[in-house]
Amino acid sequence: MTIRVYNTLSRSKEEFVPRDPGAVAMYVCGPTVYNHIHIGNARTFLTFDVIRRYLTFAGYDVRFVQNVTDVDDKIIARAAEEGREPAEVAADYTLAFRQAMHALNVERPTVSPKATETIPGMIAMTERLIERGHAYVVDGDVYFAVRSFPEYGKLSGRNIDDLESGARVDVDARKQDPLDFALWKAAKPGEPHWTSPWGEGRPGWHLECSVMSEQELGLPFDIHGGGSDLVFPHHENEIAQSEAATGTQFAHYWLHGGMLQINSEKMSKSLGNFTLLKDVLAAYPAPVLRLLMLQTHYRSPLDFSPDRLDDATRSYERLVTPLRNLEWAKRNRAAGALSEATQLAIAALEAAPGTARQAFTESMDDDFNTAGALAALFDLVRVLNTFLEQHGIGDNARYASRLDEAAATLTELLGVLGVGVSSPVSAAEYPVDVLPMARDLAGYEGSDVRAAVDALLAARVAARTERNWAAADAVRDGLARLGFTIEDTASGARVVFHGRG
RNA sequence: GGCGACGUAGCCAAGUGGCAAGGCAGAGGCCUGCAAAGCCUUUAUCCCCGGUUCGAAUCCGGGCGUCGCCUCCA
C-alpha cells in the first residue's frame, strides 16, 4: 500500500516515503496558550490526529511532537489584563488545552515540549545563526536576515521583493530588511525574561518549532503540519532558521489544513467570529463534531454552522445504530422468528468487511480522504442493516460470526478516524425524572431509573395489548420529553436515550 | 497590487480523461394502531464561453463569482 500526500513544498501529491522504514517522525504546531482554543484551531489538531492515527493503522511507528507556546506577546497582554503572572495564564490554558483535546478524543503527542523549557536550545540556535552570518544583534534583539537565505520563500511560493511591494510589512529602521524577523527579543520591564549572550530577553515565536523538532526528531524529519495560515510567515521562517543553521533540509513533507469558516469567512480570534471548542463539546458529543469535520477533506475550507452539527448528529446515528441493532438482535436471538438467509445475502454480508476495508484504505491512502473513507463505512452500514432487516441474526452461528465481523470492522475503522462508538449513555445517566413518571403511569415505587424505564415499557406493552392507544402514547410521549425514543422491534420494545429532549 | 485555492443535487460533499461516491433534507412504497428505527425506489445538461480529445466535472485558454495568505492567527 502506498500513501500519497499533498506536499505544500512541491504543490503536488507525492508518494510518502519516510526517512526510516516503518517509522514516521512528525511535528505539528501547537497552541499559543493565551485563551481557550476555538473550533478552527481544533480542526487542525483533529486533522493531524487522524493523519497520525491512520499512519499508525498503516503500520508505522509514529513519533508525534507538538509544542506548547507558553511565552508570547499575547500571553503577556492577557496576563496584564487579568493582573496575573504570564506563567499562571499559560499554565491555566495549557491545562485547558489538554483537557479539550482529551474531550475531542485527540491522542496525546508522544512529546509535548514547552517553549519555556527549550530556552537553552533556542539560544544555541541563535548563536549558530549569528556565527554563520544569518542573524544580527540590535539593541539586545536578534534578527534573522532573510536576504542571507537565498531559498527564502520556497514554501509559500513568493519572493522577498513581491512581499515588500505588498507594503503591509512593518517598517523598523533597525532591521536590515523589513522582512527580517526576531529570533530573540530584549525583555521590557515586567516581562518574562531569560539570560542570554545579548542580555535579558525572550525567544521569538518561530524559533521554538525549529529547535524542538530538531531536538525531538532530528533533521530532516518526515512530516511538518499546521494550519494553512501558518505557511507564511511561520513555516517559511522555520525553514529559513533551521536550514540556515544546519545546512540540512528541515522537513520533507509539509501538510497544511484548510481554514474553518463562519459564513464563508475565516474563523479567527481577531475577527471575533469564533466558537470555543469547549462550548461545542458541552452541547454535542465529540464524535459528532469529528464526523462533521471529517466529511470535508482536510485541505478544503469548511463552513461551520449549528445546522451542520445537527446534520452530523443524524449521520452519526446512522453509523452507530446498526451496532446497537446487532447487540439487540444477539440478546434476543431466541425470541425472534428468523428466516433462513439466502446464499446471496450471506455472500453480501461476507464480502462487506473486506470491501469496506479496501475502499476505506484506498481513500485514506489518497492524501487522507476522510470523506471517501466515511462513504465506505456508510456502505458497510447499509449491508449490515439490510441483513439484519431481512434475516435477523438467527441461531445459526455462521450469521452471528459474520455479523460480528462486519460490526467489528465498522468499529475498528471508525476508531481509526477517532470516532468513538462506545454506548453513548449508560442507564446510570438516565434522568431521575423518570421516577415520578413511572409512578404515575406504571405504578413503579422504586428508585432505580433503569427499572423505572423498564416498568414504563411494560406498562406500554400492556396498554397496547388492550389497544389503549392513549395510555400507550402517554408513555411514549412522556419518555420523549425526557430524551428517550422508543423503538419497537420484532423482539420487543427498547429505549434509546439521547440525553437531550 | 503580488501569490494561491475553490465553484458538483434543496444543503453538505467525494471524485482530476471513460456510464456522477456518500451524508442530511424531500417524495413514493414496505413495516407499524400511529410513530421511531430500518429496508426498497426516487431527486445533477458537474458556474459560463471557447478549445484539445473517439470521449472532459476532470486537461488548456478566457470570463464571472467566492475565499485564503501577503500583519498576530490553526
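In the text below, chain A, chain B and the rest are named by the order of the sequence lines, each starting its count at 1.
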Heavy-atom protein contacts under 4.0 Å, nucleotides 33-38 of chain B, coded B base, S sugar-phosphate only, - none:
BBBBSB

Per-nucleotide protein contact string for nucleotides 10-19 of chain B, where B marks a base within reach and S marks sugar-phosphate only (heavy atoms under 4.0 Å, - for neither)
--SSSS----

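Put simply, A/K266 has no side-chain N or O that comes within less than 4.0 Å of OP1 or OP2 on B/A74.
Applying the ring-ring contact (aromatic ring centres under 6.0 Å, His included) test to A/F48 and every residue at least two apart in sequence or in another chain returns nothing. The salt bridge (charged side-chain N to carboxylate O under 4.0 Å, His left out) check on A/R476 picks up A/D473, with sequence neighbours excluded. Partners of A/E15 under the side chain to side chain contact (heavy atoms under 4.5 Å, CB included) rule, at least two apart in sequence or in another chain, are A/T2, A/V17. Under the rule for a side chain to side chain contact (heavy atoms under 4.5 Å, CB included), the partners of A/R108 that lie at least two apart in sequence or sit in another chain are A/R98. Residues forming a ring-ring contact (aromatic ring centres under 6.0 Å, His included) with A/F250 (at least two apart in sequence, or on another chain): A/F221, A/H224, A/W254.
Spacing of P atoms, B/A74 relative to B/C69, comes out at 12 Å, to the nearest Å. Only the C1' atoms considered, B/C34 is 16 Å distant from B/C30, to the nearest whole Å. Rounded to whole Å, the C1' atom of B/C54 lies 12 Å from the corresponding atom of B/G17. B/C12 and B/G4: their C1' atoms are spaced 24 Å apart (whole Å). Spacing between B/G65 and B/G26 at atom C1', rounded to whole Å, works out to 28 Å. Rounded to whole Å, the P atom of B/G22 lies 14 Å from the corresponding atom of B/A44. The same atom, P, is picked in B/G15 and in B/A21; the two are 14 Å apart, to the nearest Å. Remark: the separation of the P atoms in B/A27 and B/G68 is 37 Å, to the nearest Å.
Whole-Å rounding puts the A/R299 CZ to B/G4 P distance at 16 Å. Across the protein-nucleic acid pair, A/D310 atom CG and B/G23 atom P stand 19 Å apart, rounded to whole Å. If you take CE of A/M293 and C1' of B/G23, they are 17 Å apart, rounded to a whole angstrom. Rounded to an integer number of Å, the gap from CH2 of A/W205 to P of B/C72 is 8 Å. Atom CG of A/L374 is separated from atom P of B/C24 by 12 Å (rounded to the nearest Å). Distance, A/Q358 CD to B/A21 C1': 15 Å, rounded to whole Å. A/F232 places its CZ atom 18 Å from the C1' atom of B/A5, with the value rounded to the nearest Å. Between the CD atom of A/Q261 and the C1' atom of B/C73 there is a distance of 15 Å, given to the nearest Å.
Here B/G1 sits opposite B/C70 as a Watson-Crick or G-U wobble pair (both hydrogen-bonding atom distances under 3.5 Å). Nucleotide B/A9 has no partner under the Watson-Crick or G-U criteria, as no pair reaches both atom distances under 3.5 Å. Across all strands shown, B/U16 remains unpaired; no Watson-Crick or G-U wobble contact has both distances below 3.5 Å. Base pairing annotation: B/U45 forms no Watson-Crick or G-U wobble pair, as no partner gives both donor-acceptor distances under 3.5 Å. Nucleotide B/G33 forms no Watson-Crick or G-U wobble pair with any nucleotide shown, as no partner meets the under 3.5 Å limit on both distances. Look at B/C59: its Watson-Crick or wobble partner, with both distances under 3.5 angstrom, is B/G51.
The aromatic rings of A/H234 and A/W205 sit parallel, their planes meeting at an angle under 30°, below the 60° perpendicular limit.
On a pure distance criterion of 3.5 Å, no polar donor-acceptor pair joins the side chain of A/K74 and the base of B/C73.
Within the 4.0 angstrom heavy-atom criterion, no nucleotide atom of any strand lies near A/R43. Using a 4.0 Å heavy-atom criterion, one finds that A/G257 contacts no nucleic acid atom at all. Among the atoms of the strands shown, base atoms are found under 4.0 Å from some heavy atom of A/L260.
Note that A/R464 lies outside the cation-pi zone of A/W469, set by a 6.0 Å cut-off to the ring centre and a 45° limit from the axis. Both the sub-6.0 Å distance and the 45° axial angle are not jointly satisfied by A/K175 relative to the ring of A/F144.
Note on residues 284-296 of chain A: pairs passing salt bridge (charged side-chain N to carboxylate O under 4.0 Å, His left out), not counting sequence neighbours, are A/D49-A/R290.
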Please list every donor-acceptor pair under 3.5 Å in which a side-chain atom of residues 257-268 of chain A meets a protein atom from a residue at least two apart or in another chain.
residue: A/K266; atom: NZ; partner: A/D229; partner atom: OD2; Å: 3.1
residue: A/S268; atom: OG; partner: A/S270; partner atom: OG; Å: 3.3
residue: A/S268; atom: OG; partner: A/L271; partner atom: N; Å: 3.2

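To the nearest 0.5 Å, atoms OG (A/S315) and CZ (A/R318) are separated by 9.5 Å.
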